[in-house]
Amino acid sequence: MFGWMTVRRIKPGKMDEFKERWYIGPEAATTDPFSGIPRVYFMQDTSDPNRMIGLGIFANREAYEHWTSSEVEADRRFELEQFVEAVEEESTFWVTEY
């Protein structure tokens, strides 16, 4: 498996709008390019309500690369950026499930 993680600081008062647009919904989750993402998590920091962590788990690196290179995802990220104050970290990982 392959993982992607981002830590973002969201502009004050914009977290709810960011969350609404982050969520792709069950109908989109089965369509290309989202079908290669079996799990996506959105975590909001309990001590800082303007900070979030996004975590995606992919079947493999190819599924991740397909998702990140898609026009659909590029459009989604462009729309989300209006709410982002800073990207604190963005990384990819090899994932092993025990």
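The analysis underlying the following values was restricted to heavy atoms, covering all of them including side chains, and did not include hydrogens, waters or symmetry mates.
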Self-check item: Least distance between heavy atoms, F83 atom then I10 atom
Solution: O-CG2, 3.2 Å
Quiz item: Between F58 and W67, what is the ring plane arrangement, given parallel below 30°, perpendicular above 60°, and tilted in between?
Solution: tilted
Exercise. Evaluate the side-chain proximity of V40 to L55: yes if any heavy-atom separation is below 4.5 Å, no if none is.
Key: no
Exercise. Measure across G13 and E17 and return the closest heavy-atom pair with its distance rounded to 0.1 Å.
Key: O-OE2, 4.3 Å
Quiz item: What distance do M15 atom CE and W22 atom CH2 have between them, rounded to the nearest 0.5 Å?
Solution: 10.5 Å
Quiz prompt | Nearest-0.5 Å distance, CD1 of residue I57 to OH of residue Y41 | solution = 7.0 Å
Quiz prompt | Straight-line distance of D48 CG to R9 CZ, nearest 0.5 Å | solution = 4.0 Å
Self-check item: V95 side chain reached by E97 side chain, heavy atoms, under 4.5 Å
Solution: no
Quiz item: According to the interplanar angle, ranging from 0 to 90°, do the rings of F42 and F18 count as parallel (below 30°), tilted (30 to 60°) or perpendicular (above 60°)?
Solution: tilted
Exercise. Show your reasoning for whether side chain to side chain contact (heavy atoms under 4.5 Å, CB included) applies to T68 and E73.
Key: CA-CA 6 Å; T68 57; E73 181 57 15; 5.6 Å; no
Quiz item: So, for A59 and A63, which heavy atoms are closest and what is the spacing to 0.1 Å?
Solution: N-CB, 4.5 Å
Practice problem: Give, for atom NZ of K14 and atom NZ of K19, the distance between the pair rounded to the nearest 0.5 Å. | Solution: 15.0 Å
Quiz item: Just by modelled atom types, is the P49 backbone N or O under 3.5 Å from a matching donor or acceptor in the Q44 side chain?
Solution: yes
Quiz item: Can you tell me how far CE of M1 sits from CG of N60, rounded to the nearest 0.5 angstrom?
Solution: 11.0 Å
Quiz prompt | Test log, rule side chain to side chain contact (heavy atoms under 4.5 Å, CB included), inputs V87 and V7 | solution = CA-CA 6 Å; V87 176; V7 180; over 6 Å; no
Quiz item: Charged N to carboxylate O below 4.0 Å: is that the case for R8 and E81?
Solution: yes
Practice problem: Give a yes or no answer on whether the side chain of R21 reaches the backbone of R76 with a donor-acceptor pair at less than 3.5 Å. | Solution: no
Quiz prompt | Residue from F2, F93, W94 passing ring-ring contact (aromatic ring centres under 6.0 Å, His included) with Y64 | solution = F2
Quiz item: Do you know the tightest heavy-atom contact between K11 and V84?
Solution: CE-O, 3.6 Å
